[in-house]
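Read through the structure below, which is laid out as structure tokens, and then see the notes.
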Protein chains: 2
Amino acid sequence: MLTSGIQHTISTVSQRTGLSQHVIRVWEKRYGTIRPGRSGGNQRVYSESDIARLQCLQKLTAQGFSISKVAHLDDATLGQMVTAEIDKTSTNISPSQEVRPVAPTNDSVVQALDAVRHMNLGALEDCLERALLKYGQIGLLERVIAPLAEAIGEEWRGGRLQVAHEHLATSTLRTFLGRFVRPFTVHPSAPMLVATTPAGQLHELGAILVAATASGMGWRVIYAGASLPCEEIARIARSQSARVVALSLIHPEDDPLIPQELKRIKRMLEPSTRIIMGGRAASAYANGLSEDGIVLIRTLDELRSMLDSLRTKHDPDLGNPVPALT
Amino acid sequence: MLTSGIQHTISTVSQRTGLSQHVIRVWEKRYGTIRPGRSGGNQRVYSESDIARLQCLQKLTAQGFSISKVAHLDDATLGQMVTAEIDKTSTNISPSQEVRPVAPTNDSVVQALDAVRHMNLGALEDCLERALLKYGQIGLLERVIAPLAEAIGEEWRGGRLQVAHEHLATSTLRTFLGRFVRPFTVHPSAPMLVATTPAGQLHELGAILVAATASGMGWRVIYAGASLPCEEIARIARSQSARVVALSLIHPEDDPLIPQELKRIKRMLEPSTRIIMGGRAASAYANGLSEDGIVLIRTLDELRSMLDSLRTKHDPDLGNPVPALT
DNA sequence: CCTATTTTGTCAATGTTTCGTCTAGATATT
DNA sequence: AATATCTAGACGAAACATTGACAAAATAGG
């Protein structure tokens, strides 16, 4: 087990956990929560997992557990308790795992990902700007932003990027792509698409991407933000007479409620309204939904041809590679 | 059955059952309902099943059973009684509420709110566009968007707008104001502000507003999205050498974790970094935080003068109308 | 209906425990 | 030399325990 041998001083630990140095020492002395190594002149030296453990303890004590009760629990239990106690968005400890850094082919993607890594938003914007000039709007989306989103998701899952990176990237892309998503400057008879993410699905990058793509194809687009309950999605779609509802499913791949939710949405919509879903987790939910008229798309290219076929008229069948059964 | 041997203090039990500590003790003394363990210095220590039992007893007494009658029953019986009683009292929601619709003064606000009500995003955009021409950027923010955000929040709390409305309005405003928030087109030496919303706080309109205001005043602004854990907020602020972290607190007004979270953020930041907080719920968390250097602002105007005073140099004290006590 | 008793939740007073913080002098690190 | 860290102990606020008393409500009895 290579714990990425880096050793941290107590001030680093204090900053990253939010605990004062006093508390860290006194916890060690009174409860033996952690046994940091000592280096050279007897100074404490903490590993990454020590920090993770202390972060867990900090969260738990902040939630009301008394330190004496939780100090002796093992790492696994602590991790469970933290994730169990927080039904909100939780920053998990990144358990060290096999790093298999993806190698995005495109040069702009590499640069952009690097900018995200270093939280250098200026560089990220520059990069996007240049890519826009180079590839044009469609090309930018397909060849830069889509792979970038993919890569960010991958890195995030691997624990190599934190929530903060994801938020910043999302926010920057959101602003950047906002220029293209001007719903009501196009002709009012253009078909309407609603892009969003169901409740519990936090990562909105995919939905933004869809919104920008559709907008670039002349659709009127409403981007409705992330984590929206299905009744609300249906409400929006109905009130706007949307022809398509596009859902991005990325993070929780195993939420048992999602398929039911999707069916409920479908029921609440006008029959002529299409639901298309995409994103990394979408295929996990796909089986059993195609006969409900919910369509899975895998690539932006697929999305584009789908939108093209849906644009002129909503035909009962569509350019779906999977034939609709029954 | 792994009850994860965690032991809870009486305060935790009190919180989770809704019973006062007094009651828990006196029930133990008079009826011996539960026999918590004692730990170290004779303090009561409760297991998870103790809590479950007390929750049952709480529900039953709330339904009219006298404690002396149910205190001695075994866990299984209690569980049955609770589930049996739940069926009867199923539909008891009281939707009665005094509707006191606020009357926004400004004409544009009225129109915009109406557009939100009808989910007519085109009209909303038009209205904003016209208001921008009429009032200019600053005026738009102060006289239209801020009251609009206020009104939307009010209507939402009153149940007269749904999540969908809020999401759509947020999204539209986000896109609209995105034009003004161009972080890296201003001079790189301009001070940096990070606007966001702590974990659990869902409504991002306030943060967007702050971002737009600061951006209009020549600050470099990073809008980091909503519901961000405090470690991540601190990480962003540190990596960007932010001078100010602006937090919008709107919806849960009683989250007991928030004040601690704020203090933790403060600790994790460079000492020279200011934290300012605003939004409807902010004043609920304000007391006890001013000595930590966390500043409450109430209006956009206050924000502007604050940012002005912080712009040139971070002075230890600031142009705060409220004198710091103690 | 009116009182007496029991039930039940709440409160105050006082001592103990828990837990974060602080001080001070010595040693390490840069 | 200036900072950062170490140890050891002390301090104080908040939480907890115990005892005893009190008041409101339910119950019983006349």
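Order of the sequence lines sets the chain letters (A, B, ...), proteins ahead of strands, with each chain counted from 1. Atom set for the values below is all heavy atoms of this structure, side chains included, hydrogens, waters and symmetry mates excluded. Since the structure is predicted, the reported quantities are computational estimates derived from the model, not experimental observations.
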Within the structure shown, what part of the strands sits under 4.0 Å from R25(B) by heavy-atom distance: base, sugar-phosphate, or nothing? base
Quick one: is S66(A) getting a side-chain N or O under 4.0 Å of the dC19(C) phosphate, OP1 or OP2? yes
If I take atom CD in residue Q21(B) and atom P in nucleotide dT18(D), what distance separates them, rounded to the nearest angstrom? 13 Å
Where each residue is assigned the nucleotide of DNA chain D containing its nearest heavy atom, which of V45(A) and Y46(B) is assigned the position nearer the 5′ end? V45(A)
Contact under 4.0 Å: T9(A) side-chain N or O vs dA4(D) OP1/OP2: no
Would you kindly give the CD-to-P distance between Q7(A) and dA4(D), to the nearest whole Å? 21 Å
Protein heavy-atom contacts under 4.0 Å, written 5' to 3' over nucleotides 20-30 of chain C as B (base), S (sugar-phosphate only) or - (none), form the string BBBB----SS-
K29(A) NZ to dC19(C) P, in whole Å, measures 15 Å
Quick check on R38(A): does its CZ atom have over 12 non-hydrogen neighbours (other residues, nucleotides or ligands) under 6.0 Å away? yes
Taking all non-hydrogen atoms of both residues, which atom of T17(A) and which atom of Q58(A) are closest, and how far apart? O-CG, 3.6 Å
As a quick check of understanding, evaluate side-chain hydrogen bond (donor to acceptor under 3.5 Å, both in side chains) for H203(B) and E166(B), giving each step before the final call. CA-CA 8 Å; H203(B) 300 272; E166(B) 196 266 348; 2.8 Å; yes
Would you call the rings of H8(B) and F65(A) parallel, tilted or perpendicular, taking 30° and 60° as the class edges? tilted
Output the distance between atom CE (M306(B)) and atom CD1 (I276(B)), rounded to the nearest 0.5 Å. 6.5 Å
Please say whether more than 12 non-hydrogen atoms of neighbouring residues, nucleotides or ligands are located less than 6.0 Å from CD in E150(B). no
For atom CD1 of I24(B) and atom P of dA15(D), their distance in whole Å: 15 Å
Side-chain donor/acceptor of S14(B) to backbone N/O of I10(B), under 3.5 Å: no
Please give, in whole Å, the distance from dC6(D) P to R44(A) CZ? 5 Å
Dot-bracket for DNA chain D, 5' to 3', counting Watson-Crick or G-U wobble pairs under 3.5 Å, with [ ] for crossing pairs and | for inter-strand pairs? ||||||||||||||||||||||||||||||
Residues L249(B) and M277(B): closest non-hydrogen pair is CD1-SD, 3.6 Å
How many whole angstroms separate atom CZ of R38(B) from atom C1' of dT17(C)? 13 Å
Please check: side-chain N/O of S171(A) versus main-chain N/O of Y223(B), any donor-acceptor pairing under 3.5 Å? yes
Rounded off to whole Å, could you give me the CG-to-P distance for the L60(B) and dT8(C) pair? 13 Å
Without decimals, in angstroms, what is the distance between F65(A) CZ and dA15(D) C1'? 17 Å
